[in-house]
Protein chains: 2
Amino acid sequence: MKKTILVFGLLILGLLLLFQLSKYAILSGDLESEYAIAIIAVVFFFVGIYLNKKSLHKNNTDTKEVNQKRIKELEISEREYEVLIGISEGLSNKEIGEKLFISESTIKTHVSNLLVKLNAKRRTQAIQIAKQEHII
Amino acid sequence: MKKTILVFGLLILGLLLLFQLSKYAILSGDLESEYAIAIIAVVFFFVGIYLNKKSLHKNNTDTKEVNQKRIKELEISEREYEVLIGISEGLSNKEIGEKLFISESTIKTHVSNLLVKLNAKRRTQAIQIAKQEHII
DNA sequence: AGTGCTTTGGTACTTTAGTATGAGTCATCT
DNA sequence: AGATGACTCATACTAAAGTACCAAAGCACT
């Protein structure tokens, strides 16, 4: 957060400086007004692109941040989450068990608990809800 | 495509016009150079944002276009695709049947064919593959 | 009119999924 | 030390999902 403020502060400062410089350059005749205007145009053009990318990127990281919080809110444990990932990868209970080195019975227990916590009736619905909640 | 060229042409024309106008405005003293520069800055700032959004949006529609082609390549029929959507929504065969007003038996047939066409062992895997193929 | 494809539906059967219940282990917290 | 919660596993069921095979209706194309 502090970094963002610093970057923006420097950005605005730089732009104001450029602003003043170009104004005096034009008035004093040191610089052709075409060049000054062109520089301003190009700079602001890229500033526009930069800020746009920044804000879009922010949204992405925001939704990724929601993940962990939501998982905790739903009281999904570490192991249950691993099972959830297995489900979303299209694995069977048996395959998930082999992947995590535990029995199929245990997977069934985890899946059952997951369905309750995600308020889903089936594993396919669990996938859909988990995606909606941005936890996978 | 033609529309894009038209928009860009008009955009460039407008910017050039603005450019010339501001130059003459400054030279003739009709307008304070600050204002001219400010206008240029603001305009190019938004042009930067606009072009950025445009290019990002283009990528999205591109991936959406892949959809239909891939569905045909995989020889997935209209009805099968509707069933696939039902699966991805987390519905049971029975629920999909009720949604499409056909029997559960028929859904099972469609699902079975879908699994072969998508090279999946389970409906959950079908979801994963369908997402990978950008067909849902 | 015949061919091919999609869609529909059914029966019978096998395999997964999911529920309910109980129980043991282990680490952590109080 | 005892409570708590996460993880493990098993048995016994019930409910879905999936497979295999067959069959018929409808549509488009030639």
Side-chain angles (χ1 to χ4, degrees), chain A residues 66-136, chain B residues 67-133 135-136:
Chain A
V66 175
N67 281 15
Q68 304 303 324
K69 286 181 193 169
R70 200 77 188 102
I71 292 172
K72 280 176 189 166
E73 279 174 20
L74 293 168
E75 296 182 293
I76 294 173
S77 74
E78 188 63 32
R79 212 50 165 164
E80 282 165 354
Y81 187 70
E82 292 182 279
V83 172
L84 180 58
I85 297 300
I87 291 174
S88 75
E89 285 172 348
L91 303 177
S92 68
N93 290 337
K94 196 179 174 187
E95 287 170 340
I96 297 172
E98 285 165 2
K99 189 181 171 187
L100 301 180
F101 303 108
I102 54 182
S103 83
E104 192 188 340
S105 296
T106 311
I107 303 297
K108 282 189 179 187
T109 307
H110 288 318
V111 171
S112 237
N113 292 332
L114 262 174
L115 295 183
V116 173
K117 290 175 183 179
L118 286 173
N119 195 28
K121 287 179 191 166
R122 283 164 290 281
R123 50 169 55 210
T124 48
Q125 201 179 1
I127 295 174
Q128 192 244 336
I129 293 172
K131 292 214 164 129
Q132 217 168 53
E133 298 275 3
H134 296 291
I135 62 177
I136 57 172
Chain B
N67 281 14
Q68 304 303 324
K69 288 181 192 170
R70 200 75 188 103
I71 292 172
K72 282 175 189 168
E73 278 174 21
L74 293 167
E75 296 182 292
I76 294 173
S77 73
E78 188 63 33
R79 212 49 166 166
E80 282 164 356
Y81 186 70
E82 292 181 280
V83 173
L84 179 59
I85 297 300
I87 291 174
S88 76
E89 286 172 348
L91 303 178
S92 67
N93 289 337
K94 196 178 172 186
E95 287 169 340
I96 298 171
E98 285 164 3
K99 190 180 170 189
L100 302 181
F101 303 108
I102 54 182
S103 84
E104 193 188 341
S105 296
T106 309
I107 302 298
K108 282 190 177 186
T109 307
H110 287 319
V111 171
S112 240
N113 292 331
L114 262 173
L115 294 182
V116 173
K117 289 176 182 178
L118 286 173
N119 196 27
K121 287 178 190 166
R122 281 163 292 280
R123 48 169 55 208
T124 48
Q125 201 179 2
I127 295 174
Q128 192 243 337
I129 293 172
K131 291 212 165 132
Q132 218 168 52
E133 298 275 3
I135 62 177
I136 56 173

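Within every chain, numbering begins at 1; the chains are lettered A, B, ... in the order of the sequence lines, protein sequences first and strands thereafter.
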- What residues, two or more places apart in sequence or in another chain, satisfy side chain to side chain donor-acceptor pair (under 3.5 Å) together with Thr124(A)?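 Not a single residue meets the side chain to side chain donor-acceptor pair (under 3.5 Å) criterion with Thr124(A).
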
- Message: Ser105(A): which residues meet the side chain to side chain donor-acceptor pair (under 3.5 Å) condition with it, sequence neighbours left out?
- Response: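 Listed in chain order: nothing, the list is empty.
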
Can you give me the N/O atom pairs linking the protein to nucleotides 14-17 of chain C at distances under 3.5 Å, or say none if there are none?
from    : atom 1 : to       : atom 2 : distance (Å)
dA17(C) : OP2    : Asn93(A) : N      : 3.1

All salt bridge (charged side-chain N to carboxylate O under 4.0 Å, His left out) counterparts of [X], not counting sequence neighbours:
X: Glu104(B); answer: none
X: Glu82(A); answer: Arg79(A)
X: Lys99(B); answer: Glu89(B)
X: Glu98(B); answer: none

- Query: For Thr106(B) and dT7(C), is the shortest distance between a side-chain N/O and OP1 or OP2 below 4.0 Å?
  - Reply: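 So the side-chain polar atoms of Thr106(B) never come under 4.0 Å of the phosphate oxygens OP1 or OP2 of dT7(C).
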
- Under 4.0 Å between a side-chain N/O of His110(B) and OP1 or OP2 of dT8(C), yes or no?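 The answer is yes; a side-chain N or O of His110(B) sits under 4.0 Å from OP1 or OP2.
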
- Task: Can you tell me the distance, in whole Å, between the CG atom of Leu114(B) and the P atom of dT6(C)?
- Result: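 So the two atoms are 12 Å apart, to the nearest Å.
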
- the helix from dA1(C)-dT30(D) to dT30(C)-dA1(D): angle between end helix axes, five pairs per end, rounded to 10 degrees: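 Comparing the first five pairs with the last five, the axes sit 50° apart.
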
- Query: For residues 73-80 of chain A, which residues have at least one heavy atom under 4.0 Å from DNA chain D?
  - Reply: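 Heavy-atom contacts with DNA chain D come from Ser77(A), Glu78(A), Arg79(A).
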
- Contact class for Ser105(B) vs. all strands (heavy atom < 4.0 Å): base, sugar-phosphate, or nothing?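 Since a base atom lies under 4.0 Å of Ser105(B), the category is base.
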
Polar atom pairs between nucleotides 20-29 of chain C and protein, under 3.5 Å, N or O only, would you list them?
none

- Query: Of all nucleotides in DNA chain D with an atom under 4.0 Å from a non-hydrogen atom of chain B, which is the first and which the last going 5' to 3'?
  - Reply: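 Here the contact window of chain B covers dA17(D) to dT19(D).
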
- Listed once per pair and sorted, the salt bridge (charged side-chain N to carboxylate O under 4.0 Å, His left out) pairs that draw on residues 111-131 of chain A, sequence neighbours left out: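 Every pair satisfying salt bridge (charged side-chain N to carboxylate O under 4.0 Å, His left out) with a residue in residues 111-131 of chain A: Glu80(A)-Lys117(A), Arg122(A)-Glu95(B).
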
